[in-house]
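When a ligand or atom number is given, it counts from 1 through the structure's own listing order.
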Amino acid sequence: MKFSPPFYGQEEIESTARCITNGWTGSGAKVIEFEKLVQNNNGFENAVALSSCTAALFLSLKALGIGPGDEVITTAMTFCSTINVIIHVGAKPVLCDIDPKNKNINPLEIEKKINDKTKAIIPVHYTGFPCEMDSIMKIANRNKIYVVEDCAHAFETFYKGQRCGSFGIVGCYSFYATKNIAIGEGGMAVTNNSEIAKKIRIMSLHGLSKDAWKRFMGNEKRTYDVVDIGYKFNMTDMQASIGICQLNKLSKMTSIREKIWDTYMNSIEEEEVILPSLPNNDSIHAKHLFNIGLPEYINRDKFLEKANFQYETLFAVHYNSIPSFSIYKDLNIFENANELIVSNNWGKRNISLSLSAAVEESEVEKSIKVLKKLLKDPEIRNL
Ligand SMILES: Cc1ncc(COP(=O)(O)O)c(C=O)c1O
């Protein structure tokens, strides 16, 4: 039993095997091919393949020179990664509450948090629903601050006809095992700013002026310089070769996910749950997570326990609200933790249903059945 498993076939097995038989398993031709494909497909001038979206977010902030003394505004409804990278560069994360309808950062809240220290906003296109980029970009431009888009859920998201990831200075994709493009672990920074792309690329590999592929191909000099204090965040050819296969069948995977999405919607629309909303016509939801709100009277912990152990059905949580986690409480970094009313409420009641092209029809039916059953179960009600 796996939550949102990847949709793999013979092609992923064969292409990974080819990396093993040809002996080049590190970063090489496949990484370059994968970068070029994403670059051309998604219309960016630069794409830097990395070990994760976390690495992409972190290196983006680094490349923009964000560090101690700076503040970065983001949402309270995201994965901890978005927050941790801000802390890792030495800056202070500042949280905004979310819009009750789309669960994305509320632009009205952003404006209130801006001060002289604010250097960037990280909007997260949560579940694949596009953030209100018009308002966010207006605020950012007016205040001369950067926008780094967390597109972990948003490889296929568009806002008013424009691809998400292309509004801010950098967009960061995740290719984690459950994502729309799944390669186990992996990420990518996409940008139309070549200087930033170059900085990210160099920092992703120790600060070397040249990677191994360049050093050992053709008549290139085998030596390199170290031009920055870098990290080790590069993607490997084995990961990229899976990514290429996934990209080639993305439209097929998307249409299967859309069908599952519609089945979930149609089957539970009568239930007392908060259903996901969709953006207007000229915007596209990537349909990465089918995330719903349980009624207030349901005890979510008991729901998840019973679903898991009694009915062997996996539901997930995306996410508890950021201030609810112990480390952030211990650090006491969010003065407004109790004011994030919408996020704190959503964090307590949301669950996600398994959604990927590899989810079998029988599993979809089972999730719906178990959900309906549990909604009527007096044992999981809050007292
Ligand atoms: C909103 C969000 N941001 C960032 C990340 C980090 O992605 P990765 O696991 O590729 O580092 C995730 C991962 O799920 C995410 O959901």
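In this structure, the side chain to side chain contact (heavy atoms under 4.5 Å, CB included) partners of Ser81, at least two apart in sequence or on a different chain, are Thr54, Leu57, Phe79. When the side chain to side chain contact (heavy atoms under 4.5 Å, CB included) test is applied to Asn382, the partners found at least two apart in sequence or on another chain are Asn299.
Surrounding CG of Asp116 are at most 12 heavy atoms belonging to other residues, nucleotides or ligands under 6.0 Å away.
Sorted by chain then number, the residues whose non-hydrogen atoms approach ligand 1 to under 4.0 Å are Ser52, Cys53, Thr54, Thr78, Phe79, Ser81, Thr82, Val124, Asp150, Ala152, His153, Ser174, Lys179, Gly186, Tyr319.
Note that CG of Asn46 and CD of Glu195 are 10.0 Å apart. Values are rounded to the nearest 0.5 Å.
Judged as a ring-ring contact (aromatic ring centres under 6.0 Å, His included), the pairs with a partner in residues 236-270 (not counting sequence neighbours) are, in order, Trp261-His285, Trp261-Phe290, Tyr264-Phe290.
Salt-bridge check for Glu109 with Lys112: passed, with a basic side-chain N closer than 4.0 Å to an acidic carboxylate O.
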